[in-house]
Structures are given as structure tokens and as C-alpha cells.
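Heads up, the thing below is written out as C-alpha cells.
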Amino acid sequence: MRIDLQDVTVRFGPVTAVDSVSLGIKPGEIHALLGENGAGKSTLMNALFGLVTPASGTISLDGKAHRWASPQDAIAHGLGMVHQHFMLQEEMTVLENIVLCAEPVGRFGFVDFARARSRLDEIAKTHGVAIDLDRRVGRLSVGERQAVEILKVLYREAEVLILDEPTAVLTPQEKDRLFATLKSFREAGKAIVLITHKLDEVMEIADRVSVMRAGRLVASSSLAETSKEEIARGIVGGDLPAARTRKQLSPGETVLAVDGLTVARRGRDVGPVSFDLRAGEIVGIAGVSGNGQAELIRALTGLELVRSGSITLCGNEIQKLDVEARRQGGMSYIPEDRQRMGLALRASVSENANAGRDDAGAFTVGPFLKHGAMAQYARSLIERYRIRVAGPRASASTMSGGNKQKLVVGRELSRNTPLVIAENPTWGVDIGAIDFIHGELMRMRDAGHAILLVSTELDEVIALSDRILVMYDGAIAGEVDGGEASRDRVGALMTSRAADALGAASPGAAA
Amino acid sequence: ADKFFVYVSPDQIGVNAFLKLGQAGIEEAGEKYGADVETYESRTAADRLENVNAAVNEGADIVVLLGFEFNDIVKQVAPTAPDTQFLIVDQCIDDRPDNVHCAVFREYEASYLVGVAAGMLTESNKVGVVGALDIPFLHRYTDAYADGVKSVNADASVDIRWVGGENPFADPVRAKEQAVAMNAAGADQIFTATSGGDFGVFEAAKEKDFDVYSVDVNQCPNAPGHVVDVTLKRVDNAMVQAIGAILEGEKKLTMALGLKEGGVSTIALEEDELADSGCLIADHPEVAAKMREVAGQIEDGSLKLEDPMFAK
Amino acid sequence: MMAFDAGKATRSALPWLFTFLWIAAIILALLLFVGAPVGEALSGFWNGAFGGRRNAYLMATLSRSALIVGMALSVMLSFRAGLFNIGGEGQLVAGGLVAALVGVLLPGPPLLVLVVAILAAMLAGALWALLAGVLQLFMGVPLLVGSLLLNYPIRYIASYLVAHPYRDVQSGMVQSHLVPQETWFAYFPGTRLDIGILFTAVAAAFALIYSYWTVHGYHTRLNGLSPDFARTVGLPVRRLTLQTLALSGAIAGMVGAIAVFGIHHRYIDGMLVQPLYAWTGIIAVLLVGMVPWAVPISGFFFAAVQTGAAGMERAAGVPKEIALVVQAVIILFVASRVSGALTASRGDGDGHV
Amino acid sequence: MFELIADPSFAASIPRFVTPILLAALGGALCERAGVFNIALEGFLLVGAFAAVLGAYFSGTPYIGALTAMVAGMALGVVFAEFNVRRGGDSIVVSIAINLLAAGLTTFFLRAIFDVTGAFSDPAIAGFSPIRLPFIENVPLLGPILSGQALPFYLALLSVPFLHVFLARHRLGLRIRAAGENPQALRAGGVSPKRVQLLALIACGALCGLGGAQLSIANVNLFVENMSAGRGWIAVVAVLLTRGRPWPLFFIALLFGAVDSLSFRVQGLGLAQQFTDMMPYLATLIVLVALSWWRARRAKGDAS
Ligand SMILES: Nc1ncnc2c1ncn2[C@@H]1O[C@H](COP(=O)(O)OP(=O)(O)OP(=O)(O)O)[C@@H](O)[C@H]1O
Ligand SMILES: Nc1ncnc2c1ncn2[C@@H]1O[C@H](COP(=O)(O)OP(=O)(O)OP(=O)(O)O)[C@@H](O)[C@H]1O
Ligand SMILES: [Mg+2]
Ligand SMILES: [Mg+2]
């Protein structure tokens, strides 16, 4: 099925997210869609899929124009989408998730699960994507979940597949399996749209490349007619920032010592984990999410109880202290979830900036607040970290994601503590902001702070870390020196059972 | 009209026969003495105060207050409103100013008589009584009834229970369950003083086939063949009489109405109503006779009853 | 503080107008349904809420709002801290009961008795609220459920105490003895409005200062907006929770004391429960989206709706029950606008995470 | 004490206490599972009780009464959905308003239609009569519980397994669960979660309406203001406690009904009425504490 988008424009209030974009997608091709954060890729695809209604423009399938009333319409016409944030019901089984919204019904609207099972058997045979249908999705790994998403699309007999950043969360091995599956789809004559930020993947698999910037389509050509550099220039609208060089420093004394730490977790405890972190070094923790990194961090920061083991910060045991005491003892924390943990979105920028400050005297008199001093401090952060926001009184929710992240990073780094724990500090922010945040982390390291960097973004860990610890199944699977790290090396350590999820058709990884 | 009477109820009037009688009384008085009348219903303690204040504020000549709930309020408001006359029906207060009048009833006399009937009619030697809520006022019914039972049948046991709950004066569901439970425990004569709950007790009587007694007005037709007798309380008469006296300039009027004054009664004592009342007591002349005998003793003072409201 | 934005105001004026028209239409329909004279009903409503000889009805409204606003302030402190304490009723009863018992039982100079009684009432309210907090923090009973359930035992305990050990036998009612007359709150000269409203005013001033200008208020607000955030930046979440609940309960307890010393002069069974002071307080707070300065106004508004409805009944024979319907309709339309707006602003941003 | 429990009238009274709570709680469970935090069950029950009397009075048959109650409950569900689901009003605010609205409308129409306040009772109100189950009624302990009850009780009993299967296997049941857990995903699948929530609220209204009918035309034959008398709140607690799962809900409702029924029977033992009135609430608190303690233990056990 051939898709044509003609002059599609999508507006959200005053924002024009997609500005008069025309794009063609042919059957039997993998069409990569690239662009900065907020460029409008997801919105464009959401419009194609009926999740948002375009202000103008037409969508036609095989030359016939359509208007979707809902995604159901689009699905009925053979479109399928795998959203970046998985659209799954954790409490339900795989089977229930797959049939949801496309239920084969028998009498009185009861679902005919047997019929669904036999259909899925067939699909497993043709495309080699299979997974235990009776497991609860909440218990699946990320890769397995993605398999469920793909099964959902296949189950609906989609002719067109839209995948929004499917590889961001996969290990290299899992990615290979996914790509193998995509190639089998291409052979079957399906049209595939692949949104990604990773140029290497585009070079590896795409047939055609389109680039968006600020809502407009700036380039669209077949892969053969373009180059990696050209695409990159198209994305950022100029030249790329120069690669970062790391100053060689000799690490100082131990700031954080973790010894035999175990943390309770449903199913199986995390740990025991032991490692040291010294002043002036960045230690990265890599791993597929769900392998215990989150629990480890929560235990270090005091958000969760430690089951056993010790944590020593600047010579003091802190495993029994609460969050406040640990922070005062020299720890700062940039949480991964800025919306929920990093900021109180409905509070003002100033209120957010001053939270958790140690120097209470600077903005209080007795029990009262000095609003002026608080605003002043917020303004200083805004300037120093180049945060784009109306002012200290603006609600934190009015900032874009990158700016929110800068505020969190700014607030935490300005505490100047010996230890900084940064969890996915650049998750979902665009190239400019990533560069800035990386720069700040390096600056802190050079100034002699110890930084624990936890990231699911392998490239980030490799680029910044002096040492890399890889976590797998609740324990540290290995350590790699920053200088010798490569994607494959670290990726191999991250190997997980999840790699089997996409079936035996693709080259397997040793488990 | 040149006069204005206001009747303030202590609670929702609803199916509360007693409060309805008050409304009938004020209307009768209004007609008789040529006055405009209005009824202000209260739901809560705060409403009562606001309603009394409003009655004064609207220029009422006589404010009739039904129930002991108004004692504090009258004490507060009456001295500040010398031009308004206050009539409290059902209770009296000490140290009254001149413009506060009382008409009270001795309900326990009638309840005692009903107890006498129950004591004579019980076959299981177990009788019961359900009150809406364990409050002193309702002991005038429950305790007096129990005393009446014991006076003729010393062996009988009396089960006293309360509706309680969120909505004690209007919870027929719980009232019914109480009656059913007492009946299951053996009680065959059950007295109900539960306001809105009475209907629940009647239903239980119909289902489980036992005898019931009730209060305030003739409720026998509500459960034909099951209601033995009811106590009567002539609030309307009392009101009309008292208002007449107040209009004649009486100060600090006090009326106490019991069997003797015709303020309270039972169907058994009303020989002209008895036959058409639909009450079972009509079929038990010997019981009715005994009740009349005891009533006579109470009226002539040879039998003295304590007011159970002040017991404890 | 919620910033006032003129452009936004004009944009949102139209929906507000529609909201208003809807409410007016529903009220009108109800009035027509009972065949009430609309003009008389409305003037009766207005007079009943704000009029009367020497403003007697306005005083009644103020007297009622002293309690409603007090309860609203109590609720506001909890809600802004993200604590869904709907046990204000129990805390109110605890306060009223203790105030009355201290007033009756404690010998001594009246002023001392009064001060001790009010402090004891605040303590009682605070402790009852803390109980709900302890149940949540240490026994896993959600605050919403725990605080609601705790309303009942205290109500029955109070009922039992004034029905049995501390009953004023002479009165024939389920009520305590009168507190000494010397401890009664004075009336404002020439009115039947007691000075209890001054306590509410002080509580309001306190609550406003607390919410806008104190460190504790700032911290609890952050905790209310995002408990995860508060924990992450190291605020002592448990302590804040308990302190806020105690504060909230203390204000509710004080309101109970105001009702005792200002209005009823004793504890009467049901006097604090039946008029739904606590629930009205909750509604008053939610109606204005927990914005502190608007809470007293909102509380006064609901008091006026209630007394006005009584006036409407007197003047035009319109059932007072209409007041409940009117309140419900106002809440539905207005609160769904307000909280809808709040949810919308909650969800924006770049959509990540 | 033992006598009390062995008493067949005690057993027979349990269903009368359980049915309104159970039906309301099942309705609440549907909302809970659909992601609607509906704590207005009290109001739903009340409206059902009133409408049942209205229907039964004018039609002369309890079936029309129950039907009227269900329709009225469904209408209230639509109102809830309009303000909570469609206009996005806070669910607690909307719930409180719905409770007020129910209290106001029932008293208002009581006065406007029947010209009484407080309560309405009339022989013309046709109530349900008990249904005798031929063989079961002779079974010793279960007989008095299962036989001789009114229709809503049997419907409530059947609803429990039905809802269990419905949520597990029915198309709408699946979607209701999805709307509660991840509405965004449902929307991406092309089904409007708001529509699903509306349907859940309507079904909740029907169940609560039936529960109200049990109160007003099965337990007794009359309507009294505020007749639900806290039963809706107990149902809310039951829903929160069981997270809307039908079977656990059934047992919790059974427990509450039995405690409630028992509580004022123990008055016969001389306990002050205030303390017996307290029992259901204390029992609830105790169950809550015990349950969370047990959950905490189990979670711990799980981890080690
Ligand atoms: N529902 C919405 N309301 C308002 N603005 C929106 C909405 N959805 C998207 N936007 C805005 O539209 C613009 C385009 O967003 P879109 O999600 O399409 O970007 P994207 O290219 O997918 O970026 P990313 O790389 O982060 O996925 C952004 O500025 C975003 O903030
Ligand atoms: N400002 C906004 N207001 C409301 N909704 C928004 C806004 N921005 C984005 N959204 C919604 O969130 C959805 C997902 O956002 P977005 O496109 O940024 O995520 P994504 O593309 O899946 O993630 P990523 O940015 O990591 O690629 C959007 O499609 C849109 O519906
Ligand atoms: Mg984005
Ligand atoms: Mg995107």
C-alpha cells in the first residue's frame, strides 16, 4: 500500500508542530524519519495514524484520500504503529494485550480467545515472532514487550508499520533481531516508517531518508543519494558540535564506597553490588533497563531501604540515613524522571529551584520565606544554565523538556557536592541540550567531583565514563575501562534473555 | 390577618405523627384566632436557632416550639424579644421570663397502659420495645412500657432495643431488623417508638405475625390485625388551648397534660373511637377494662408514676 | 499564588458565562417545577442570606460561615499538602466534645477555663487527625479511607459520653451540661453574632500567611504537588505529613470549640455532624481549586447559599432542599471548570516521560 | 453470643444487609477497574431507592420499580461521566457533588411529587415478595440465607461470577480494565477510554440502582430521606480494599453485612447502642490494617 501525505499541517494551539509536510511512503521500503526533539516526527505519524487531527492537508492510501475519525479507522485501513512509549497493559497477559481493541468476539460480545491463539500461531510461523501468550506483560523485559507490540500490529494485518524510536531501549543484539524481522516485512511488501535518532541504524537498514526540522520537511531522498554527514547537517541545521575530548586526570580519594549492597525487589533481590567511586572520575553504569540499576540508585539515594551491605559517603556510613541526611552529607541526585521526581511541575520555577537547598539561611528569616531571595537564586540558575523560561514565577510545566532537564541539572550541580548521581541525564532531550549537559558533567569531574552516571544510552556512557560497570540481572556483570569500551563489548555484557524474544530467526546472542 | 404565629419544628416533619400534629394544631389555632401561620422546619441544631431567630425577625406574635430541643434557645432568645410570646410544647424551663409558656405531656402514663396490655397479652412471657435512639426522652416510652408490663406480669422479660445508626429517626430498615430479631428471640408483643421506623416494625409484624403497639396517633390501619393499641398525644388540642390562654394575657403559662387532662390517652380509653379504630384491643375487652382501671388509678393519684426521662 | 493573566481571563470568560447560564437555567427550572413565584423566591433568597431587620440574616450567615470557613481552612491545609484528609468531621467533633467537657468539668476563673478548653479542643482535633496519619504511615490504611472511617467512632464516642456519663439529665436530651455562662462568647453589640468569627478570622490570617510565606507551608505545598519530588529532594515527608495533619486537625478542633462557646454552649449530640460543616468546608476548598485567598470567600458563599435557601423557603415556600441541589449544581459546573483547568496545566510540557 | 449467631433470623437478615452494599460495591468496582474514582456510591444508592419507590408506586409492580431505579442510576452515571470524564472535573469533587445532588433531588422530589418530607410510605408501593427456593430452604444453615429473599439479592449473587467472567473475557470487560490501567494505550488502539468509562459508569448506575431498590422496595416498602444511611460509603471502602475484584469484593461485602447485622443484635446483650453502631466501622479499620499488614508480610516473603 502506498501512502501519500499532502501538505499536512498540525497545530497545538499557537504551536505549529507540523508545517505543511508532504511525504510519500512506498510498499516494500523502509523509510527512516529523522529530526531533532520536537521537530514534529511523532506528531506527523500521529496524524497519519489518526491520533491527532491535522488542521489541513490530506492523507491518501493508494491514491484515495481519507480522513480518520480515530486510530481505529487507520487500523482498519491497514496501518499499524509501535509507539515509543509502549502502549501496553501491564496487568494483562500478552494474549489480552494483543487482542485488545481488535477482539474476535463470539456470542454476546465475549472474546473468542481460542481463535486469537490459532491466528497467532500462524503469525509465529510466517514471521518468526513468538512469545508465551499467557505471561503477564508486567513481567516481560523491554525486548519482549516490543515483540508484543509488533505482534499487535501483525495481528491486525497491518500493511504499513510505523515504529517510533523502536531501538532506543534495545541492546545491540536485540536490535539486530528487530532489524531482521523488519527485513522480513520488507520482503513481504509492507511499508515501514522508522523514526530514530541513530544515524548508524539508518545507514544500516533504511531505503529512504526524510529529515524534519521545526515542523518542516527539510530533506527526503533515497539512502543511496545521501550521506551520513548530509543527514546530520539536515537534522541540526548546521554543523555538528565537535567531539568531546577527555582530560586525563588521576582520580583522588574514594568518595563513595558500596560494599555488598542488596536491595529488596519483587521476584529476586538486587545485588550484592560492590564498587568504589573516587573524586575526579565518572563511573558509568550501563545495562538494559530493569536489571537493577533503578533499585541500586534508589538505595544509594535513600529512597528505598537497603536489605544488607553498606554505603560509605566521604567516610561516613549512610545506609541508615534518610534522603535529607544523605544529601547534606554530600550527595546530589539528578533523577531520570524529571516530570515526577525532578520537578514539581505545578510549582513555579523559583519554588523548584530552591527545593532541597542546604543553605536555608539564604532564603528564609525564621519560619518565613524571602520570596525575593528565592527568585534571585532562580534567576541565577536560569542565566548560568541558559534555561529558556519566562521567569522565576513561571510554572515549571511551561518549560520544554530540555529546559526542565537543565533546571534539574542546574539545581543539583550548583549544590557542589562531592558526589553527583546522574540517572539518564539526557533522556529525550535534543542534541544541543545533550551537549550542554555532558559539558557540565565533564566540568564537574574536572573540578574533582565524583560522578555516578547511570544511563540506558550506551553511547552516552561510553562517551563520558572513565570506567563502566555493566549490570545484568541485578548484579554487576563486568567492568570495562572507559578508554577500551566499545558498543559491542559493553553490549555483550548487557546481553539478556530478552534477546530471544524476537524469535530464533535472527542471529542469537549467547545468554 | 393582624396576628402571626410561627411553628418551629425541631426536626423534619415528614411522617413524624407528633410533629404533624403540631402543624395541625398551629393551623387550627390560626383559624380560630384569625392569625397567619407559618411552619419553619429544622433539620439540625443550628437550624433551630436560626429558625427561632428568623421567627422573631419576621415579627411573629407567638412562636410555638415543639420539643425539648428548644430550651437553650428560648433561654437565649426570649429575653431579647419581649414582644414575642414563646410557647414550648413538650417541655418547660426554669427561671422563665414572662413571655415563655409551656405545655407538657406525661406520655409515660399512656405508655405504661400499653405496657399493661402487652403484659396481659403475651403468651411467650417475652415482650419487646424499639426506640429510635437511646435518648432520655424516649425512655418515657420504653421504660414506662416496661414498668407497665411488669405491673401485671412479673415474670415477663422486656427486651429494650434502639434503632441507632446514621439515621435513627427514619431508618425503617434497621427498625424492622430490630423487631424481627426481638421476635426471633421470642417477643410476641412489640412496642415501637421509632418515628419513621414504625413502618418497618409494622412490616415485620405483618411478615412474622406478632402484635405491635405504637405511639402518637392511631396507626392501627397501617398494619391491620397487628396493632393492638397506640398511645395518643393531643398536641393539637394542647396548642389551641395554650394559645388561647396566652392571647388572653396569661403570663408564664404552664400546662401539664396527662391522662387526667386528656393530653395523652390510648385507643382503649376512647370508647367512642374504639370500635372503628381497627385496633386489636377492641377484641380484648378484659384487657381494655384493666387498662381503664389502671388509668383511673393514675388519674386519681392512687398510682404514682415516675417520669423516666429524669431517671438515671 | 495563582498569577492573574488578563489575556487568559478574557479567553476564559465565555465558558464561565455559559457555566453561569447553565446554573441559572437549572435553578429556574427547579423553581418552575414547584410552581414557586420566581421573583419572590429570589428576593427571599437574597434577604435570607444578607438582609433582615438590622441585618439579622446577614449575621446568621456570618455565624454559619464562622464554622464553615474554619472547616474549609482546616481542609485546605491538608489538601494543599496532598493529604486527602476527609476526617474533618471527626476532628471537629473531637474538638467540640473536649471543649464542652473541659468547660463543664474544669473549675477556675472563666477566662482560664475558656483558654484551656480551646487549647484542649485543638489538641483533641490534632490527635484525632494524627491517628489517621499514623494509620496511613505505619499501618498502610490510605488516608482517604482511614480519615473517613475515623469520623464514625468519635461521633459515637461523643454521643455515648453525653448520653451516659456526662449527660445533662435535667434537659431530657442527649447533651452535656451547659458550660458556665461566664465563658460564653460575647455577642457583637446589637447583634446575635458571637465573636467566634474572630477566631476564624485569625485562623484565616494564619492559614494565608502559612501557605504563602512560611518555609513549612512551602515544603508541604511541594509535597502536595508531587510527593515523589518532595522525597527526592530530601524533604522529611513523613514529618511534614504528620505536622500538617496535626495543624489541620487543630483548626478543626478549634472550630468545634467555637460552636460550643459561641453558639450552643454545650455539646449536643449531632450538633456538629448534621449541618455538614465539614463536608461543606471540603466543597468550599475544592470549588476554588485550593487557592488560599479564595477559600474564606468560598466558605462564606456556601454559608450564604444555605441561609438564603432557608429564606427562600420562608418567603416563597420553595423547599429548602433546593439549596442542596443548587450547591451540587454549582460545584459540578464550577469545580469541573477549575479542576479541569488544573489537570490541563498538569499535563503539558514536552510529553516525554 | 452463640445463640445470636445460631438464630435463623440472624442468618436470614444478612442478605438484606449485604445486598445493597454488594450491588453498590460491584458498581463501584466497574468504575474502579475503568479508572474512574467514584466515591459517590452513597448518592447512587439513594437515588436508586427513591426511584424504585417512584416506579413501584405509580406502576404497582416492583419490577417496574427496580427498572426505574436502574434507569435513574444510569442517568446519574451519565451525569457523573459528563462532569468527571468529559469535562475533566476532579473525581472527588464530582463525587461529593453527586452525593449532595442525590440528597437534594430525592428530598426535593419527595416533597414535589408526594408532598411529604422525611419519609413516604403508602400501601400502593408494590414491594418485592420473598422468593422461596423449594429444596434449598430446608438446608439447615444455608436455607434461611439463600431462600426467601427478594429478587435483587439473587441478582446480586449472580452478578459476582458474571462480572468476574465479564471482566476476564468480555470485550467490554477487557476494555474497561485497559481504560483503568493504561487509557493512553486504549486510545492508541482506537477505542476511546472516555467512552468506556462512560459505559462503566452507566453500568455502575444500574447496579447501584438495583441496590437502592433492595433498600426501599425489598427490605421495606417505603422511602426515607437519606435512606442509604452510610451503606454507600461502606461499599466504597470495600472497593478500595479489594481494588475492584468481584470475588474478594463479595466476601468483604458479606463480612460487612454480617457485622452490621450482628452489631445491633448484640444490643440485646446490653452493649450501649453507640458502641454497637461503631462496630462496622471498627471492623473495617481492623480489616484494613490486617490486610495491609498481611500484604507487607507477603511482599517481604516474596522478595527473600
Ligand atoms: N498535544 C500537544 N499539545 C501541544 N504541543 C504539542 C503536542 N504534541 C506535540 N506538541 C509539540 O509539537 C512539537 C512537535 O512534537 P513531536 O512530538 O512531533 O516531536 P518529535 O519530532 O517527535 O520529537 P522527539 O524527537 O522528541 O520525539 C513539539 O514542540 C511539541 O512540544
Ligand atoms: N506540550 C504538550 N502538551 C500536551 N501533550 C503533549 C505535548 N507535547 C507532547 N505531547 C503529547 O505527548 C505525545 C508524545 O510526545 P513526544 O512526541 O514528544 O514523545 P515521543 O516522540 O514518543 O518521545 P521522544 O521525544 O523521546 O521521541 C505527543 O504525541 C503528544 O500527544
Ligand atoms: Mg518530543
Ligand atoms: Mg517523538
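Within every chain, numbering begins at 1; the chains are lettered A, B, ... in the order of the sequence lines, protein sequences first and strands thereafter.
- Without hydrogens or angle criteria, A/Glu91 side chain to D/Glu181 main chain gives no donor-acceptor distance under 3.5 Å.
- Across all non-hydrogen atoms, the minimal contact from D/Leu186 to A/Cys101 is CD1-SG, 3.4 Å.
- Across D/Leu174 and A/Glu103, no two heavy atoms sit closer than the pair CD2-CG, 4.0 Å.
- For chain D, the nearby part of A/Phe108 is the backbone; its heavy atoms alone come within less than 4.5 Å.
- Considering all non-hydrogen atoms of both residues, A/Phe110 and D/Phe162 come closest at CZ-CE1, 4.2 Å.
- With a 6.0 Å radius and a threshold of 12 heavy atoms from other residues, nucleotides or ligands, D/Arg243 has its CZ atom at or below the threshold.
- At distances below 3.5 Å, not a single donor-acceptor pair connects side-chain atoms of D/Arg187 with backbone N or O atoms of A/Pro71.
- Between D/Ala178 and A/Leu100, the shortest heavy-atom distance links the atoms CB-CD2, 3.5 Å.
- Between A/Ala102 and D/Arg175, the shortest heavy-atom contact is N-NH2, 4.5 Å.
- Annotation: maximal heavy-atom pairing with chain D below 4.5 Å, among A/Ala69, A/Gly50, A/Ser70, A/Gly109, occurs at A/Gly109.
- Crowding of D/Arg86 atom CZ: a count of heavy atoms from other residues, nucleotides or ligands under 6.0 Å not exceeding 12.
- The shortest side-chain heavy-atom distance between D/Asn182 and A/Leu88 does not fall under the 4.5 Å cut-off.
- Across all their heavy atoms, A/Ile75 and D/Gly189 have their closest contact at CD1-O, 3.4 Å.
- Residue A/Val111 touches chain D through both its backbone and its side chain, counting heavy-atom pairs closer than 4.5 Å.
- Between D/Arg177 and A/Met92 the shortest side-chain heavy-atom distance falls below 4.5 Å.
- Here CG of A/Asp112 is found 8.5 Å from CZ of D/Arg169. Values are rounded to the nearest 0.5 Å.
- For CG of A/Leu305, the number of neighbouring non-hydrogen atoms (other residues, nucleotides, ligands) closer than 6.0 Å is 12 at most.
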